[in-house]
Amino acid sequence: MQYISGNYVDLWDDQIFEARVILFENRIFRIEKLGNEDPNLPYILPGFVDAHVHIESSLLAPSEFAKLAVVHGTVATISDPHEIANVLGTKGVYYMLKNGQTVPFKFFFGAPSCVPATTFETAGAEVTVDDIDQMLADPRIPYLAEMMNFPGVIYEDPMVMAKIKVAQKHRKPIDGHAPGLKGEQAEKYFSAGISTDHECFTLEEAEGKLKLGVKILIREGSAARNFEALIPLAKEHSDQMMFCSDDKHPDSLLLGHINALVKRAVAFGINPFAAIRMATIQPIQHYSLPVGMLREGDWADVILVDNLIEFNVIDTYIHGQKVAENGKSLIQGPPPQTINHFKTHAITEKEIQIPVQGSKVRVIGALNGQIVTERKWVDANKVGQEDILKIVVYNRYHAAPPAVAYIHGFGLQQGAIASSVAHDSHNIVAVGCDDKSIVDAINLVVKEKGGLSAVSKDKKLILPLPIAGLMSAGDGYEVAQEYIKIDQFVRESLGSVLDSPFMTLSFMALLVIPSLKLSDKGLFDGDRFEFTSVGFDE
């Protein structure tokens, strides 16, 4: 038997008392009350759960993600593997499952619902209705991952509705993805049986969805950050809300995870019991997860924190095994195996020219801390000035001409950056100040068959991502330091004004998020859901 002593935080009766928690055979055997709360003792909580995350965005294999996450008290994640599924199909999903099982951590991967995400881009694979049926029959896959094709739901596309019907057949929850949907459109979308949404970016939007009974996830990742906008709703609706990171780069994961959101919620004035439930019990119950909720008989998924203000994690236990202690991860797993789908060739400057027709050009407006974009109209003669840069998306699955357009908001003063992490199809995306730099950055990624690259006039950096062109096969802490190095180079040497330039870059090909994006097939109007031209006349 093991013993954990401290202040037991009872999330069922909203009380705290000094206790001894006895662990036996991976479970909580007994909770013994010893006295009243003693603020000099640590506090015993259930482990934190990230209610929606794409592990691939950490640039780490699941086993390496776990090493960093447990230090912050995270014991489980609701993980949508549609990034690797867009590259490798169901083979990629099962890769994530297998790798995640090599370490003591609770990964719950969903069945990707939208692979490819749209018909307006080239993905590396397709996940069919039959594939989803087979995956949801697997007890390790507890839900249908985010239904990004909200127009397909609203207008009852047969393929989309068939996927939803399969999830209902298996009695498994369906995750939502409905940025900006309100009124009748939101009612139609969620009435199909979709139960969550992590895409709200205004208070009004989230309030409307809460009234429909939707579970709202407050997202705070490396690119999309909606905590400040949505946290006021938790004062009255905390029982209908959860926390998630969605996409989190490794440097951010070094600093904190769901524990940081609980801390900020309490500082905002949310009741500590309510804030902790949002990070623990509510996702566990919604997805019916085999994760402990700190009751007798539950799995021993337990954390100790210093207090209920800072939430600094002292120890983390998963299934009764201590996996982190005083800021140090105790997880040790085998090196991740690599798997990939990358079949393209080096590009030339001649291939990225834009034959603009018209006196005006449409420009993607990138926004710091958001994955939505603005649409801008600029005089054609201003291209190359005032931060109007060239953006290129290059097919990585087979030989094809690149798509080229213009973008504003990166603030690069020289050079270029490129990435094979480009939601959702993960072709190569690049932004730069001149054609040579753009080509050099893309070709660095091509040479490594995946990675993040940055080039200036006299320096070239590359962080290789050999696992599906999305994840490193290296140690999580070492990868985080490599990422910090290349990220600082982009901001300090190349001049980017974005807090997370690579994360923002990765969303510039995400067609299902408005307003203007670029796929490997051309410039895309995310509001009208159709292609549009780069140049035009008024």
Side-chain angles (χ1 to χ4, degrees), residues 26 45-50 52-81 83-84 95-109 221-222 244-261 279 291-292 299-305 311-339 421 452 463-468 470-487 503:
N26 311 124
L45 309 176
F48 296 131
V49 180
D50 190 332
H52 176 78
V53 62
H54 303 283
I55 299 297
E56 302 97 316
S57 290
S58 71
L59 311 181
L60 305 174
S63 56
E64 294 299 322
F65 177 97
K67 289 181 184 179
L68 275 63
V70 293
V71 170
H72 307 301
T74 304
V75 301
T77 59
I78 314 299
S79 312
D80 180 354
E83 314 299 356
I84 196 168
Y95 170 88
M96 300 295 275
L97 278 168
K98 183 178 180 181
N99 177 265
Q101 290 171 339
T102 64
V103 293
F105 190 89
K106 298 189 174 185
F107 290 104
F108 299 100
F109 291 103
S222 296
C244 77
S245 64
D246 198 2
D247 295 282
K248 202 167 184 68
H249 265 179
D251 58 331
S252 298
L253 193 56
L254 284 180
L255 301 176
H257 196 197
I258 301 302
N259 62 319
L261 301 187
V291 178
W299 293 113
D301 304 317
V302 181
I303 65 174
L304 273 73
V305 301
F311 290 91
N312 295 310
V313 177
I314 300 168
D315 293 324
T316 302
Y317 296 82
I318 297 178
H319 254 47
Q321 177 182 343
K322 185 182 284 191
V323 292
E325 182 177 26
N326 294 319
K328 182 179 179 181
S329 180
L330 303 180
I331 290 180
Q332 294 183 345
Q337 295 181 332
T338 60
I339 184 173
V421 179
L452 309 181
L463 171 54
L465 301 175
I467 303 175
L470 301 174
M471 295 167 281
S472 170
D475 173 80
Y477 285 96
E478 293 177 3
V479 174
Q481 292 304 319
E482 289 182 54
Y483 176 79
I484 289 171
K485 180 181 177 182
I486 195 170
D487 178 70
M503 184 64 83

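These figures come from a predicted structure and were not determined experimentally.
L45 CG to L304 CG: the interatomic distance, rounded to the nearest 0.5 Å, is 8.0 Å. Once rounded to the nearest 0.5 Å, the distance linking CZ of F109 with OH of Y95 reads 10.0 Å. The distance from atom CD1 of I258 to atom CG of L261, rounded to the nearest 0.5 Å, is 5.0 Å.
Using a 4.5 Å heavy-atom threshold, the side chains of T77 and I55 count as touching. When side chains are defined from C-beta on, I331 counts as touching V70, because their heavy atoms get closer than 4.5 Å. Using a 4.5 Å heavy-atom threshold, the side chains of F105 and S63 count as separate. Side-chain contact between L330 and Q321: absent, with no pair of heavy atoms (C-beta onward) separated by less than 4.5 Å. I314 places none of its side-chain heavy atoms less than 4.5 Å from the side chain of V305. Contact annotation: the side chain of D50 never approaches that of I78 to less than 4.5 Å [non-hydrogen atoms, C-beta and beyond]. Under the 4.5 Å side-chain criterion, counting only non-hydrogen atoms from C-beta, H257 is in contact with T74. Between P336 and E64 the shortest side-chain heavy-atom distance falls below 4.5 Å.
The side chain to side chain donor-acceptor pair (under 3.5 Å) search around Q101 returns none, not counting sequence neighbours.
Checking S57 against D247 by side-chain atom types alone, a donor-acceptor pair falls below 3.5 Å. No donor-acceptor contact under 3.5 angstrom links the side chains of H52 and D80, judged on distance only. Looking only at atom types and distance, the side chain of K106 has a donor-acceptor partner in the side chain of H319 under 3.5 Å away.
Scanning all heavy atoms of the two residues, the minimum distance from V103 to A66 falls at CG2-CB, 4.0 Å. When every heavy atom of Y483 is checked against every heavy atom of H249, the shortest pair comes out as OH-ND1, 2.5 Å. Scanning both residues, G256 and K248, for their nearest heavy atoms gives O-CE, 3.0 Å. Taking both residues in full, the closest heavy atoms of I318 and P104 are given as CD1-O, 3.3 Å, listed atom of the first, atom of the second, then distance. Summarising the geometry of I303 relative to V75, their closest heavy-atom pair is CG2-CG1, 4.4 Å, with the distance given to 0.1 Å. A61 and I467 get closest at one heavy-atom pair: CB-CD1, 4.1 Å.
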Stepwise side chain to side chain contact (heavy atoms under 4.5 Å, CB included) test for E83 and L470: CA-CA 8 Å; E83 314 299 356; L470 301 174; 3.9 Å; yes
Worked verdict on L97 versus F107 for side chain to side chain contact (heavy atoms under 4.5 Å, CB included): CA-CA 8 Å; L97 278 168; F107 290 104; over 6 Å; no
Step-by-step side chain to side chain contact (heavy atoms under 4.5 Å, CB included) determination, L452 to L465: CA-CA 8 Å; L452 309 181; L465 301 175; 4.2 Å; yes
Audit row: K322, D315, side chain to side chain contact (heavy atoms under 4.5 Å, CB included) steps and yes/no: CA-CA 7 Å; K322 185 182 284 191; D315 293 324; 3.9 Å; yes
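In this structure, S58 contributes its side chain and L60 its backbone to a donor-acceptor pair below 3.5 Å. With hydrogens and angles ignored, the 3.5 Å screen pairs no side-chain donor or acceptor of N26 with any backbone N or O of G320. With hydrogens and angles disregarded, a donor-acceptor distance shorter than 3.5 Å links the side chain of H72 to the backbone of L253. Between the side chain of D246 and the backbone N or O of V53 there is no donor-acceptor pair closer than 3.5 Å. Between the side chain of E56 and the main chain of I84, a donor-acceptor pair closer than 3.5 Å is present. Y317 places no side-chain N or O within 3.5 Å of a backbone atom of A324 that could act as its donor or acceptor partner.
Ion pair K485/E482 not flagged as a salt bridge, since none of the NZ, NE, NH1 or NH2 atoms sits closer than 4.0 Å to an Asp/Glu carboxylate oxygen.
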